[in-house]
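These notes concern the structure reproduced below.
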Number of protein chains: 2
Amino acid sequence: MTTGQGSAAEMPEGRAQALAAAEARCLRAGAQLTELRRQVLALVLEAEQPLGAYALLDKLKAQRPGAAPPTVYRALDFLLEHGLIHKVERLNAFVGCAEATHDHGRAHDHPHQFLICGDCGATVEISDTAVAHALADAAARVGFRVGNATVEVEGRCAACTAQVPERA
Amino acid sequence: MTTGQGSAAEMPEGRAQALAAAEARCLRAGAQLTELRRQVLALVLEAEQPLGAYALLDKLKAQRPGAAPPTVYRALDFLLEHGLIHKVERLNAFVGCAEATHDHGRAHDHPHQFLICGDCGATVEISDTAVAHALADAAARVGFRVGNATVEVEGRCAACTAQVPERA
DNA sequence: CCAGCCTGTGTTATATAGTAACCGAACCAG
DNA sequence: CTGGTTCGGTTACTATATAACACAGGCTGG
């Protein structure tokens, strides 16, 4: 699943498309997708796996030798705010938002969940509304108003399940 | 909700009960709930809010002056493995498992979700099977076998919603 | 008995993740 | 050209987590 059945954002042409979509989205939002931010977004999109801030920093240094932690974190904050990337809390790492690839209006605040394969590390984003609804219902039952939800599942992806006969 | 309507695990007598239940569970599992581990568990249970590892370390030092980060982390790892506590990824903090309070057999691996109030910081654990099922279904749809799930919702708790008239 | 192993913990050092605070450049508005 | 605002550079620091080695105690098999 590393590249397999994943979301469209993982295809090579998908990256250019995603960058263009990000551009368009920022324009509409009146936000500035500056060179730095575009570089960081490109690095996140290039990676097939979630990337930590310091891994991004290392890569960024190739283009921007003076880069330091705040450089990356500020760009990441911007990209997160604008729904162009997500943070995977369990990995302290960042991935491109699968929805943002398409310029489908709202990419921002869409429900999303991550499936993280414990074997190969592949992380895929899904956007299941049933999960979101179940969660909202459960929260409402105790009077809790839902804001942002983090849903991350560790397990085994289809490819790894197929490869390893053991059904442990 | 800081102390308010929370789960049973927050009641004073609940802590002793939880410790006893933990003891029993470890006995059955053949695991050693040593003095150190019991101390750390007690500290987690005493707190009404999720506590970071270093906050726990500070408290632990009162009883165990030589304590260092590995001291706490090793105990936390044990407690996590045995389902006696959970980690709240969004807060990098730890809370007692609400299910573990009762000696109801499986406390381990039970579905759980956290509702985190952005206003007052109160964090409550719920155990909603509909959410777990929706998640398992969504994962199965892409051939993913679910292991451990992290579900954490930021939002506003009932008490804070009631206090503040603004419906923002 | 005691050698060897395993588990738990102490201890030191270091790795990784994230932020605070201050500065200056570029831009735009009055 | 002053004064705000946004962006990014720079330094220093805080917070979170782990690696690696040392040692003590309880086993177990010989």
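Quick note on labels: first sequence line is chain A, next is B, and so on, each numbered from 1. Just so it is clear, the structure is predicted and the values come from calculations on it, not from any experiment.
Relative orientation of the His86(B) and Phe114(B) rings is perpendicular, given thresholds of 30° and 60° on the angle between their planes. Taking the six-membered ring for Trp and thresholds of 30 and 60 degrees, His82(A) and Phe78(A) have ring planes inclined between 30 and 60 degrees apart.
Listed nucleotides: dT10(D), dG18(C), dG10(C). Nearest to the side chain of Asn92(A): dG18(C). Checking dG8(D), dG18(C), dT16(D) against every side-chain atom of Tyr73(A), the shortest atom distance belongs to dG18(C). Minimum atom distance to the side chain of Pro69(A) is reached by dT19(C), of the listed dT19(C), dG8(D), dA17(D). Closest contact between the side chain of Tyr54(A) and the listed nucleotides dT9(C), dA17(C), dA17(D) involves dA17(C). The side chain of Arg64(A) lies closest to dG9(D) when the candidates are dG9(D), dC7(D), dA17(D).
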Hey, what are the protein-to-nucleotides 19-24 of chain D N/O distances that come in under 3.5 Å?
none

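Between Val95(B) and Leu51(B) the shortest side-chain heavy-atom distance does not fall below 4.5 Å. Counting only heavy atoms from C-beta outward, the side chains of Ser127(B) and Glu99(B) approach each other to under 4.5 Å.
Contact record, Ala138(B) with Ile126(A): CB-CD1, 3.8 Å, taken as the closest heavy-atom pair. When all heavy atoms of Val142(B) and Ala158(A) are compared, the pair lying nearest together is O-CB, 3.9 Å.
Positionally, the nearest nucleotide of DNA chain C for Gln32(B) lies more toward the 5' end than for the other of Gly66(B) and Gln32(B). Two residues, Ala68(A) and Ala75(A), neighbour DNA chain D, and the one matched to the more 5' nucleotide by heavy-atom proximity is Ala75(A).
Taking five base pairs at each end of the helix from dC1(C)-dG30(D) to dG30(C)-dC1(D) and finding the rotation axis that steps the C1' atoms of four pairs onto the next four gives two axes whose angle is 20°, to the nearest 10°.
Contact check, Lys87(B) against dT16(D): no side-chain N or O comes under 4.0 Å of OP1 or OP2. Between dG9(D) and Thr71(A), a contact under 4.0 Å exists linking OP1 or OP2 to a side-chain N or O. Residue Thr34(A) places no side-chain N or O under 4.0 Å from the OP1 or OP2 atom of dT6(D).
With values rounded to the nearest 0.5 angstrom, Leu45(B) atom CG is found 14.0 Å from Phe94(B) atom CZ.
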Checklist line | CA sep, side-chain torsions, deciding dist, call: Glu23(A), Arg38(A), salt bridge (Lys or Arg N to Asp or Glu O under 4.0 Å) | finding: CA-CA 9 Å; Glu23(A) 201 92 53; Arg38(A) 186 200 325 282; 2.6 Å; yes

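A donor-acceptor pair shorter than 3.5 Å can be found between the side chains of His110(B) and Glu125(B).
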